[in-house]
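Take a look at the structure set out below.
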There are 2 protein chains.
Amino acid sequence: MNNATPPDAPPPDATPPSVPIETVHEIRDQCLCFAAQRAARRLARRFDRLFQDIDLTNGQFSLMVSLMGKIQPRLGELADFLAMDQATLSAGVKTLERRSLLTLVADDDDGRVRRAVLTSAGRALVAKAVPLWRAEHAKLQAEQPQIDARALALLMAGLG
Amino acid sequence: MNNATPPDAPPPDATPPSVPIETVHEIRDQCLCFAAQRAARRLARRFDRLFQDIDLTNGQFSLMVSLMGKIQPRLGELADFLAMDQATLSAGVKTLERRSLLTLVADDDDGRVRRAVLTSAGRALVAKAVPLWRAEHAKLQAEQPQIDARALALLMAGLG
DNA sequence: ATGGGTTAATTTGATATCAATATAGAATGA
DNA sequence: TCATTCTATATTGATATCAAATTAACCCAT
């Protein structure tokens, strides 16, 4: 008869398996995912407010800046560059398309492919946003003089 | 009569004020907001998949780990700690409350205040998640051996 | 005490995020 | 040719995110 709970096992309704407080602190102090989410939220709020007057979000700014060069990326390529799910990008470009800040042009060779292209209005809006970005980013650097933005950005680019 | 556009100004419908390609590259390579959003998305996806089998997101994990200590923070304090808007947290705890992973208890002294407290089921789920986190984070560190997770997490904690 | 300002939390409306699924076009091979 | 498979994008449903507005409770000065 060994069906019963052994005498030295915890009773069925005992305190759940506990996590040592040291482990909790380890996660709090070292988890790169947690740290990245927090930093991303703070910075997103900050730049969303910065661009509020010109009706842009930080993500829309980044997306549109990515389109300022000569190449017209496929949506999939753009999603990869932004480290974004293609579904997320699909929704994002739709919003900008609705505002006529970019257009989605069908590819000549492949009927499945769509390429994102800024309109003149889109380029003009980026041109308006860039000085705001430059001033805010300088302020950010001034607040954390020990940080080398280029080095930290590169580090984060290799993360995940 | 100086109302007309001066002869050397660009015509009204000219190419919009262009942003030099160097500036575009500067933003791409140095913008801490952009870099943080990208890293946050990659890491969020990674840890969301890790916790998928136990039906947790990375954010729910971080939130619940924050409640593993003895203190029972107000929602506002918790939002600050997570660098999250209060409204976001309000929605987040509601989801966890619906699943009986935490409860919101009214404060004794102040009728406005609610404090988040993990249930036994909540603590048990965190206990199940922690080994997954530990293994995945070790893998992450192995992929980027040059990164000191604690130092980078600290750096990001001061960001924004 | 009570009216006015402050604070804690919630609600609302818009966008963001991703997994899963669907659709449509392309490429391959029998 | 045409069926299978693969690929690019879109759609759906759930959660996440924040600003703005709202509700409720507190505090304080009169």
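The chains referred to below are lettered A, B, ... by the order of the sequence lines, with proteins before strands, and numbering in each begins at 1.
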Practice problem: Search all heavy atoms of A:L75 against all heavy atoms of A:A116 and return the closest pair with its distance. | Solution: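 Residues A:L75 and A:A116, closest heavy atoms: CD2-CB, 4.1 Å.
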
Quiz item: Which heavy-atom pair separates B:K128 from B:I54 by the least distance, and what is that distance?
Solution: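 Closest approach of B:K128 to B:I54: CE-CG2, 4.2 Å.
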
Quiz item: By a strict heavy-atom criterion of less than 4.0 Å, which residues belonging to residues 38-56 of chain A are in contact with DNA chain D?
Solution: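 Heavy-atom cutoff 4.0 Å gives A:R41, A:R45, A:R49, A:Q52.
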
Practice problem: Would you confirm whether B:S62, through its side chain, and A:F34, through its main-chain N or O, come within 3.5 Å as a donor-acceptor pair? | Solution: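 No, the answer is negative, given that no donor and acceptor are paired below the 3.5 Å cut-off.
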
Exercise. Examine distances only and state if a side-chain atom of B:R38 and a backbone atom of A:L159 form a donor-acceptor pair shorter than 3.5 Å.
Key: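 Checked: no pair found.
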
[atom1] of [X] versus [atom2] of [N]: gap in Å, rounded?
X: A:L75; N: C:dG25; atom1: CG; atom2: C1'; value: 15 Å
X: A:R112; N: C:dT23; atom1: CZ; atom2: P; value: 17 Å
X: B:D109; N: C:dA9; atom1: CG; atom2: P; value: 13 Å
X: A:D107; N: C:dA24; atom1: CG; atom2: P; value: 19 Å

Exercise. Identify, between A:A87 and B:A83, the residue whose nearest nucleotide on DNA chain D lies closer to the 5' end.
Key: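 Mapping each residue to its closest nucleotide by heavy atoms, the 5'-most match is A:A87.
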
Quiz prompt | Earlier contact from the 5' end, DNA chain D, for A:S90 and B:D85 | solution =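 Nearest nucleotide further toward 5': that of A:S90.
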
Quiz item: Is a side-chain donor-acceptor pair under 3.5 Å present for A:Q141 with A:E143?
Solution: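 Result is no, nothing qualifies.
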
Quiz item: Could you give the distance from CG (A:L89) to CZ (A:R74), rounded to the nearest 0.5 Å?
Solution: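 Between atom CG of A:L89 and atom CZ of A:R74 there are 14.0 Å.
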
Quiz prompt | Distance in Å, A:R45 CZ paired with B:M84 CE, rounded so as to fall on 0.5 Å steps | solution =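 CE of B:M84 is found 9.0 Å from CZ of A:R45.
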
Quiz prompt | 5'-most by nearest nucleotide on DNA chain C - A:T95 or B:L89 | solution =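 It is B:L89, whose closest nucleotide lies nearer the 5' terminus.
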
Quiz prompt | Positional range of nucleotides in DNA chain D within the contact set of chain A, heavy-atom, under 4.0 Å | solution =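 Result: D:dT7 to D:dA20.
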
Quiz item: Base, sugar-phosphate alone, or nothing: which one does A:G59 contact when heavy atoms must sit under 4.0 Å apart?
Solution: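 Contact class for A:G59: none.
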
Exercise. Scan A:R28, A:E22, A:Q30 and name whichever one has a side chain to side chain contact (heavy atoms under 4.5 Å, CB included) with A:E26.
Key: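 Per the side chain to side chain contact (heavy atoms under 4.5 Å, CB included) rule, the option paired with A:E26 is A:Q30, out of A:R28, A:E22, A:Q30.
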
Quiz prompt | Identified side chain to side chain contact (heavy atoms under 4.5 Å, CB included) counterpart of A:Q72 within the set A:L78, A:D107, A:V117, A:L118 | solution =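 Of the listed options, the one satisfying the test is A:V117.
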
Quiz prompt | Side-chain N,O (B:R74) to OP1/OP2 (C:dA9) below 4.0 Å | solution =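 Looking at the OP1 and OP2 atoms of C:dA9, neither is under 4.0 Å from any side-chain N or O of B:R74.
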
Self-check item: Residue B:V113, side-chain heavy atoms: nucleotide from C:dA8, C:dT12, C:dC18 that is nearest
Solution: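 Shortest atom-to-atom distance from the side chain points to C:dA8.
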
